[in-house]
Undergrad: 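Here's a structure for you.
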Amino acid sequence: MTTAAVRPPIFDHPPVDPRVEALVTEVIGRVADKWTMIVLEVLVEHGELRFTRLAALADGISQKMLTQTLRQMERDGLVIRTVHPVIPPRVEYRLTDLGFSLAEAFCGVWLWAEKNLERIEASRAGFDAAKAG
């Protein structure tokens with residue numbers, strides 16, 4: 001038996017609820033969006049932030065894209081938007097427990113990448129060398 005034929009136990013489960021499958025696909029798509037991941041990371045590292053400070057820390061994001069990203073994250077329950085009744089209005093964003101739990105889940109990807117960086121680089125170098133030769 002080859003190692004490719006061995007299925008880890010995480011794949012041995014009953015059929016998935018189609019709603020769960022749709023949500024996973026949606027969340028992966030959203031989190032694969034670089035701005036969502038960057039906003040998530042900035043809020044984990046810095047806590048509650050004003051819009052302008054968040055924009056400065058999420059280097060390269062436009063005001064429009066930050067607004068869209070935050071709206072979608074708020075809709076999904078990942079961030080809480082607080083408007084303070086002052087002039088000019090002060091708006092702050094912070095992660096919810098759900099947002100923190102998503103950040104924790106994707107922290108595993110970072111750990112996996114750190115652990116396997118050299119193996120992947122070696123594999124890529126071998127593949128590229130074989131293609132070039």
Side-chain angles (χ1 to χ4, degrees):
M1 176 183 276
T2 65
T3 45
V6 177
R7 287 173 51 113
I10 62 168
F11 294 111
D12 296 330
H13 55 76
V16 177
D17 180 333
R19 295 173 306 144
V20 172
E21 187 174 2
L23 180 60
V24 168
T25 300
E26 205 176 289
V27 168
I28 288 172
R30 185 150 314 113
V31 174
D33 162 54
K34 88 176 193 180
W35 295 122
T36 300
M37 285 307 300
I38 288 172
V39 169
L40 195 63
E41 180 182 2
V42 167
L43 290 173
V44 165
E45 289 180 14
H46 299 279
E48 189 170 36
L49 292 171
R50 292 178 73 167
F51 183 90
T52 52
R53 182 69 177 139
L54 183 51
L57 292 169
D59 190 39
I61 193 168
S62 69
Q63 183 173 341
K64 178 182 177 182
M65 186 54 64
L66 180 57
T67 298
Q68 289 175 355
T69 301
L70 287 167
R71 276 192 191 135
Q72 188 60 56
M73 291 176 77
E74 184 180 10
R75 181 174 182 259
D76 289 340
L78 303 175
V79 298
I80 293 175
R81 177 179 185 261
T82 304
V83 179
H84 299 277
V86 295
I87 298 177
R90 190 177 84 216
V91 179
E92 294 177 325
Y93 295 88
R94 67 181 165 86
L95 288 178
T96 62
D97 291 341
L98 190 59
F100 276 110
S101 69
L102 179 61
E104 284 178 358
F106 280 90
C107 181
V109 175
W110 284 95
L111 296 173
W112 177 88
E114 285 178 346
K115 179 180 176 182
N116 293 290
L117 176 66
E118 291 174 11
R119 290 175 61 192
I120 290 171
E121 286 178 341
S123 179
R124 288 176 177 175
F127 181 89
D128 294 346
K131 288 289 187 186

Undergrad: So do L102 and L78 actually touch side chain to side chain, heavy atoms under 4.5 Å?
TA: yes
Undergrad: Output the distance between atom CZ (F100) and atom CD (E104), rounded to the nearest 0.5 Å.
TA: 9.0 Å
Undergrad: Would you find more than 12 non-hydrogen atoms of other residues, nucleotides or ligands less than 6.0 Å from D128 atom CG?
TA: yes
Undergrad: Between CG of L117 and CH2 of W112, what distance do you get to the nearest 0.5 Å?
TA: 9.5 Å
Undergrad: Measuring from T52:OG1 to L57:CG, what's the distance to the nearest 0.5 Å?
TA: 9.5 Å
Undergrad: Under 6.0 Å from the CZ atom of R53, do we count more than 12 heavy atoms belonging to anything else shown?
TA: no
Undergrad: Test question: given the 4.5 Å side-chain rule for I, L, V, M, F, W and Y, name all other residues clustered with I80, or answer none.
TA: none
Undergrad: Taking all heavy atoms of L40 and all of G99, pick out the closest pair and write down the distance.
TA: CD1-O, 3.6 Å
Undergrad: Give the intermediate values and the outcome of side chain to side chain contact (heavy atoms under 4.5 Å, CB included) for residues T82 and E48.
TA: CA-CA 10 Å; T82 304; E48 189 170 36; 4.0 Å; yes
Undergrad: Would you give me the side-chain donor-acceptor pairs under 3.5 Å for residues 64-74, sequence neighbours excluded?
TA:
{"unit_1": "T67", "atom_1": "OG1", "unit_2": "Q63", "atom_2": "O", "d": "2.9"}
{"unit_1": "T69", "atom_1": "OG1", "unit_2": "M65", "atom_2": "O", "d": "2.8"}
{"unit_1": "Q72", "atom_1": "NE2", "unit_2": "D76", "atom_2": "OD1", "d": "3.3"}

Undergrad: Are Y93 and V83 co-members of a hydrophobic cluster defined by side-chain heavy atoms under 4.5 Å apart?
TA: yes
Undergrad: For R50, enumerate each residue passing the side-chain hydrogen bond (donor to acceptor under 3.5 Å, both in side chains) test, keeping only those at least two apart in sequence or located in another chain.
TA: none
Undergrad: Could you pull out all residues at least two apart from R94 that satisfy side-chain hydrogen bond (donor to acceptor under 3.5 Å, both in side chains)?
TA: none
Undergrad: Could you check whether any side-chain N or O of S101 sits under 3.5 Å from a backbone N or O of L98, counting only pairs where one atom can act as donor and the other as acceptor?
TA: yes
Undergrad: Please name all residues satisfying side-chain hydrogen bond (donor to acceptor under 3.5 Å, both in side chains) with R19, sequence neighbours left out, ordered by chain then number.
TA: D17
Undergrad: I'd like to check the side-chain hydrogen bond (donor to acceptor under 3.5 Å, both in side chains) partners of R124; sequence neighbours left out, ordered by chain and number.
TA: none
Undergrad: For I38 and A58, which heavy atoms make the closest approach, and how far apart are they?
TA: CG2-CB, 3.7 Å
